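Before any comments, here is the structure.
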Amino acid sequence: MLTTALVVCWLSGLLLPEPPDGFTRPGMCLVLGGIVVVILVPIFAWVRVISTRLGRGVRAARPDAAIAAGWADAGLGPALRSMGIKEKFRRSGGTHVVLTWDDLGVEVWRGSGSGTPRRVVGVRWKKVESISVGEGCAGTPPRPAVVVAIARGPMLIVVPARARAGGVFPASLRQVQKLVDELGVAARPERAPRPGG
């Protein structure tokens with residue numbers, strides 16, 4: 001992303017009809033590229049720190065659970081409200097969340113004002129109707145997302161980050177499919193029929 005921004009700045013410097021007084025074309029390209037670096041690098045660093053801090057906090061709270069950090073889909077807030085959970089999420093999506101799962105079920109966690117992560121919702125596997133790859137809008141155009149459909153309930157949609165602990169970039173379709181497969185494996189023990197029951 002940073003490389004793309006720098007190339008665009010370089011090209012825009014070349015496309016200027018005439019550089020301002022005191023600048024050569026290459027000098028103008030360097031100035032524009034420097035401005036982009038000074039603005040974008042701190043923004044990316046801040047987003048990465050925030051998202052990985054949440055992932056580390058959830059890992060500490062749930063050391064035995066698998067985790068995948070990401071962003072809430074635009075429909076996650078309304079889905080939770082339909083379950084009676086009053087939690088504020090950005091309408092356009094993009095709130096940092098962490099999906100956790102173990103042999104009992106799946107949970108969605110988020111950060112709090114104090115910096116301590118808190119569990120927003122937990123669903124036992126027996127209440128999960130399906131887990132699939134879908135699309136989610138996390139303040140961006142649609143991206144590959146994990147869709148957890150709750151029986152007689154809403155769908156919880158999370159756009160995972162490329163790195164499990166969090167980060168700036170969303171996961172690829174292949175990474176999301178792998179994540180859905182892992183969730184499916186975790187869900188099977190409780191879904192399997194039990195002797196005498």
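These figures come from a predicted structure and were not determined experimentally.
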Using residues 88-95 as the side-chain source, report each donor-acceptor pair under 3.5 Å to any protein atom, sequence neighbours left out, with the distance given to one decimal.
{"residue": "R90", "atom": "NH1", "partner": "G94", "partner atom": "O", "Å": "2.7"}
{"residue": "T95", "atom": "OG1", "partner": "R90", "partner atom": "N", "Å": "3.2"}

Please report the closest heavy-atom contact between [X] and [Y], naming both atoms and the distance.
X	Y	value
G55	I67	O-CD1, 3.7 Å
A74	P78	O-CD, 3.6 Å
P160	A145	CD-CA, 4.0 Å
V159	A138	CG2-CB, 4.0 Å

I want to check something: taking the side chain as every heavy atom from C-beta on, are [X] and [Y] in contact at a cut-off of under 4.5 Å?
X	Y	answer
W125	V106	yes
V146	V133	no
P144	E135	no

> Hey, what do you get for CG (L183) to CD1 (I131), rounding to the nearest 0.5 Å?
Replying inline: 5.0 Å
> Can you tell me how far the OG1 atom of T100 sits from the CH2 atom of W109, to the nearest 0.5 Å?
Replying inline: 6.5 Å
> So, S82 side chain and A79 main chain: donor-acceptor pair closer than 3.5 Å or not?
Replying inline: yes
>> Here's a test for you: under side-chain contact (heavy atoms from CB on, under 4.5 Å), which of L99, V176, V147, L179 qualifies with V158?
In response: L99
> When E87 is tested against each of R119, R81, R110 for salt bridge (charged side-chain N to carboxylate O under 4.0 Å, His left out), which residue passes?
Replying inline: R110
> Which residue pairs pass the side chain to side chain donor-acceptor pair (under 3.5 Å) test when at least one of the two sits in residues 58-68, sequence neighbours left out?
Replying inline: R62-D102, R62-E107
>> Filter on side chain to side chain donor-acceptor pair (under 3.5 Å), then keep only pairs touching residues 150-172, sequence neighbours left out; what's left?
In response: R164-E182, S172-Q175
>> Checking I150 against M83 for the side chain to side chain contact (heavy atoms under 4.5 Å, CB included) test, could you report, in this order, the C-alpha distance in whole Å, the side-chain angles of both residues, the deciding distance, and whether it holds?
In response: CA-CA 10 Å; I150 300 171; M83 298 171 67; 3.9 Å; yes
> Could you go step by step and tell me if V97 and W71 meet the side chain to side chain contact (heavy atoms under 4.5 Å, CB included) rule?
Replying inline: CA-CA 5 Å; V97 295; W71 302 273; 5.6 Å; no
>> side chain to side chain contact (heavy atoms under 4.5 Å, CB included) for V123 and W101? Distances and angles first, verdict last.
In response: CA-CA 9 Å; V123 181; W101 65 94; over 6 Å; no
> If you group Ile, Leu, Val, Met, Phe, Trp and Tyr by side-chain heavy-atom gaps below 4.5 Å, do L76 and I157 land in one group?
Replying inline: no
> Transitively linked via ILVMFWY side-chain contacts under 4.5 Å: M155 with I85?
Replying inline: no
